[in-house]
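Here is the structure we will look at, set down as structure tokens.
We name chains A, B, ... by the order of the sequence lines, and we start the count at 1 in each one.
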2 protein chains.
Amino acid sequence: MGTTKKELFTGEQNRLAGLAKALAHPARVAILQYLAVSNKCVCGDIVDELPLSQSTVSQHLKELKKVGLIHGDIEGTSICYCINPKVIEEARLILGKFFTKINCC
Amino acid sequence: MGTTKKELFTGEQNRLAGLAKALAHPARVAILQYLAVSNKCVCGDIVDELPLSQSTVSQHLKELKKVGLIHGDIEGTSICYCINPKVIEEARLILGKFFTKINCC
DNA sequence: TATATCTATCGTAATATTGCGATTAATTAT
DNA sequence: ATAATTAATCGCAATATTACGATAGATATA
């Protein structure tokens, strides 16, 4: 046990849950906000921006990458992280649709 | 360690993360969807609806209650769970605002 | 080549989550 | 009063998450 029984739910329910999970930590919310305001695809100074260690930030970036919300491109010695607008839009749509249907009653 | 350092982030970032966390499991997504479609404030037959045990469902309901997305009122021997439209609206607004700001670049 | 910088990953520890069965507490029905 | 139903909670086990320091691998610079 301890593992979510994903196979018992629909693909959409799992996708929504997966996207929500990516946003379920304030550090990851902060990372996305930071990437958004620094219009240039900001790289590893996310670490300087956040009050967390380099390895911890790296782990959070990995989570965001996993669901596709960001992607990282090698830029010399550092890595340039960018928001993936398509997945942001997907998340907006899925969550928007969800709330619309929920709010009906 | 193992605990999120909430104090290092803003109230809004933590609230967004908290609401997202509530949606970060397909069972809780399914519960909210079920409560929404069954227009009468449905009670404990959520358990029959979900492929999980009674105690597990109860735990998920507790999570949803914790952030305020639902509330339960005693109705005789059973408990009537309802969606809290105000918190649904709050979540919609917070997430909507978030995605609008993120999607700008 | 040697050195510095950057980031991923490993190893470890603490805590949280998910899930279940069993029990408990409360209410309703007999 | 007793039995049945409902839902929360307890106890337990397995796995996941969060966080850090240390290390490793890659690329740039001296």
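No donor-acceptor distance shorter than 3.5 angstrom exists from the side chain of B:Ser58 to the backbone of B:Gln54, with no hydrogens or angles considered. No donor-acceptor pair closer than 3.5 Å links the side chain of B:Arg28 to the backbone N or O of A:Ala17.
With contacts defined as side-chain heavy-atom distances shorter than 4.5 Å, the pair B:Tyr34/B:Leu50 does not qualify. You'll find the side chain of B:Leu19 stays beyond 4.5 Å of the side chain of B:Leu95, heavy atoms only.
Protein atom CG of B:Leu61 is 13 Å distant from nucleotide atom P of C:dG19, rounded to whole Å. Rounded to a whole Å, the CG atom of B:Asp45 is 12 Å from the C1' atom of D:dT6. For A:Lys5 and C:dT17, the NZ to C1' distance is 15 Å, given to the nearest whole Å. As rounded to whole Å, 14 Å separates atom C1' of D:dT18 from atom CG of A:Leu64. For the pair A:Glu49 CD and C:dT7 C1', the interatomic distance rounds to 18 Å; values are reported in whole Å. For the pair B:Ile74 CD1 and D:dA8 C1', the computed distance is 11 Å after rounding to whole Å. Rounded to whole Å, the distance from NZ on B:Lys66 to C1' on C:dT17 is 10 Å. With rounding to whole Å, A:Asp48 atom CG is found 8 Å from C:dC6 atom P.
Taking all atoms of both residues into account, the shortest heavy-atom contact from B:Ala91 to A:Phe99 is CB-CZ, 3.6 Å. Taking both residues in full, the closest heavy atoms of A:Phe98 and B:Leu32 are given as CZ-CD1, 3.8 Å, listed atom of the first, atom of the second, then distance. When all heavy atoms of A:Ile83 and A:Ala36 are compared, the pair lying nearest together is CD1-N, 3.8 Å. Closest non-hydrogen pair, B:Val67 versus B:Val87, comes out as O-CG1, 3.7 Å. Across all non-hydrogen atoms, the minimal contact from A:Leu64 to A:Ala22 is CD2-O, 3.9 Å.
Remark: A:Tyr81 is in phosphate contact with C:dA8, judged by side-chain N or O atoms under 4.0 Å from OP1 or OP2. Between A:His25 and D:dA19 there is a side-chain N or O to OP1 or OP2 distance below 4.0 Å.
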Seminar exercise, completed: In B/S/- notation (B base, S sugar-phosphate only, - none; protein heavy atoms under 4.0 Å), nucleotides 9-16 of chain C written 5' to 3' is B---BBSS

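For A:Ser55, the side chain to side chain donor-acceptor pair (under 3.5 Å) criterion is met by A:Ser53, not counting sequence neighbours. Annotation: side chain to side chain donor-acceptor pair (under 3.5 Å) contacts of B:Thr4 (sequence neighbours excluded): A:His25. For B:Gln33, the side chain to side chain donor-acceptor pair (under 3.5 Å) partners at least two apart in sequence or on another chain are A:Gln13. In terms of the side chain to side chain donor-acceptor pair (under 3.5 Å) criterion, residue partners of A:Glu89 (sequence neighbours excluded) are, by chain and number, A:Arg92, B:Asn103.
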Identify the pairs formed between an N or O of the protein and an N or O of nucleotides 1-3 of chain D at a distance under 3.5 Å, and give each distance.
none

Are any protein N/O atoms closer than 3.5 Å to N/O atoms in nucleotides 28-30 of chain D? If there are, list each pair with its distance.
none

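The stretch residues 6-13 of chain A has no heavy atom under 4.0 Å from DNA chain C, so no residue of it qualifies as close.
Each of B:Lys65 and A:Ala24 was matched to the nucleotide of DNA chain D holding its nearest heavy atom; the match closer to the 5' end belongs to B:Lys65.
Rotation axes derived from the C1' atoms of the five outermost pairs at either end of the helix from C:dT1-D:dA30 to C:dT30-D:dA1 lie 10° apart, to the nearest 10°.
The environment of B:Leu8 atom CG is dense: over 12 non-hydrogen atoms of other residues, nucleotides or ligands sit within 6.0 angstrom.
Evaluation of the salt bridge (Lys or Arg N to Asp or Glu O under 4.0 Å) test over residues 1-14 of chain B, restricted to residues two or more places apart or in two chains, returns B:Glu12-B:Lys97. Applying the ring pair (Phe, Tyr, Trp, His ring centres under 6.0 Å) test to every pair with at least one member in residues 1-20 of chain A, sequence neighbours left out, gives no pairs at all. Among pairs with a residue in residues 48-60 of chain A, none fulfils salt bridge (Lys or Arg N to Asp or Glu O under 4.0 Å), at least two apart in sequence or across chains.
Nucleic acid contact class of A:Leu52 (heavy atoms, under 4.0 Å, all strands): sugar-phosphate only.
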